[in-house]
Protein chains: 2
Amino acid sequence: MEEGTSKSASYSEGTEDPWDACQWDVREGCEVRQILDRIADKWSLLVVALLASRRMRFTELLREVDGVSQRMLTVTLRQLERDGLVERTVYPVVPPRVEYELSSLGVTLHSAVQSLVVWTETHQVEIASARAAYDRAQQALESDHGRADPASGAGARRTR
Amino acid sequence: MEEGTSKSASYSEGTEDPWDACQWDVREGCEVRQILDRIADKWSLLVVALLASRRMRFTELLREVDGVSQRMLTVTLRQLERDGLVERTVYPVVPPRVEYELSSLGVTLHSAVQSLVVWTETHQVEIASARAAYDRAQQALESDHGRADPASGAGARRTR
DNA sequence: CAGTATCCTGAACGATACTG
DNA sequence: CAGTATCGTTCAGGATACTG
């Protein structure tokens, strides 16, 4: 088991700056980072989304997730199980039957993630055009690389 | 847990599949994944959190984020800038002065992320104990590796 | 000060083969 | 069917050095 274990950066925190009201995700050891790393890795979110609709067997997930390797599906499921987000049920039948389902905790996570999904859907156009604008500006800079800047006056310059 | 129904605001391509209401993150090309990858990478969230409190200079961020390399801070800021989440202002003074601040879009993202932070804070104890239980069970299995299972009856077996 | 350029390592991941 | 074990590759990210 080489990679199921988190690296668990036990980082020494010596600074006692008084601004730690906003520190929720600044500390390495903070739980938020761990959870975020879990739900944001390549497959976890997909699996959670699928299991949110119904309980499924291993092979079903393997088919549905489309692109995941057997190994990564196993690893992902083990992590989610360890965190108490999914539950694994083994039926002692001749061809092994294992079913996965979201735990109640997993369900609440799934709803929490929804707000982010909604945000993304709401703002994807803005992001796309921001990217386009940025890339256009970069393109312009490349053409400009040797020339004098006609807009270089005295004020601050926005990079957009 | 029987009803996952993501509300999937208005973004539906004309697929006939009846359950594509839940497909928001199943598709590889979906925007959600891109955004999620951005906000969930190692540093973006930290930077956004810091900039949510006040605008900051490059070196300030380098100090505050604590652990980030110069390279990764640059990369992170460029990505966030490209996505229109932060704005970069260059003051044309003799020692270069560059300030970063959240855009209005970035502010909305930050609030959206809060729900996840709240979820994590609310459930971190549950997760911690789930992990402890899982690890304890694994430990027990290792001791049991060669012996007969006293609980192996007829029913399904939960792995927790 | 605020970067860019370059090199390098280790973790993540995929592919494959084997097993209860 | 539902995994585990092993190997090879890729690539994110750290360290370091240089620059306008």
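Chain letters run A, B, ... following the sequence lines, proteins first, then strands; residues in each count from 1.
Rounded to the nearest 0.5 angstrom, A:L80 CG and A:L45 CG are separated by 9.5 Å. For the atom pair B:H123 NE2 and A:T108 OG1, the distance stands at 3.5 Å (nearest 0.5 Å). Atoms CZ and CZ, on B:F58 and B:R88 in that order, are 9.5 Å from each other to the nearest 0.5 Å.
Between A:R71 atom CZ and D:dC7 atom P the separation is 13 Å, expressed in whole Å. Rounding to whole angstrom units, CZ of residue B:R88 and C1' of C:dC1 are separated by 12 Å. Between A:R78 atom CZ and D:dA2 atom P the separation is 11 Å, expressed in whole Å. In this structure, A:M72 atom CE and D:dA2 atom C1' are separated by 17 Å, rounded to whole Å. For A:R97 and D:dA2, the CZ to P distance is 8 Å, given to the nearest whole Å. Rounding to whole angstrom units, CG of residue B:L77 and P of C:dG3 are separated by 7 Å. When rounded to the nearest whole Å, the span between CD of A:E99 and C1' of D:dA2 equals 13 Å. Between B:L61 atom CG and C:dA2 atom P there is a gap of 9 Å when expressed in whole angstrom units.
Taking the side chain of A:K42 as heavy atoms from C-beta on, and the options C:dA2, D:dG3, C:dC13, the nearest nucleotide is C:dC13. Candidate nucleotides C:dG3, C:dG14, D:dG3 were compared by shortest atom distance to the side chain of A:W43, and C:dG14 ranks first. Considering only side-chain atoms of A:T74, the nucleotide from D:dA2, C:dA2, D:dT4 that sits closest is D:dT4. Here the side chain of B:P95 is nearest to one of D:dG3, D:dG14, C:dC1, namely C:dC1.
One hydrophobic cluster, built from ILVMFWY side chains closer than 4.5 Å, cannot hold both B:V118 and A:V117; they sit in different ones.
The side chain of A:S69 contributes no N or O atom lying less than 4.0 Å from OP1 or OP2 of C:dC13. OP1 or OP2 of C:dG3 has at least one side-chain nitrogen or oxygen of B:Y100 nearer than 4.0 Å.
For A:R131 and B:Q34, the side-chain atoms include at least one donor-acceptor pair closer than 3.5 Å.
Across all strands shown, C:dC1 is found opposite D:dG20 as a Watson-Crick or G-U wobble partner, with both distances under 3.5 Å.
Each of A:D41 and B:P96 was assigned the nucleotide of DNA chain C with the nearest heavy atom; the assignment lying further toward the 5' end belongs to B:P96.
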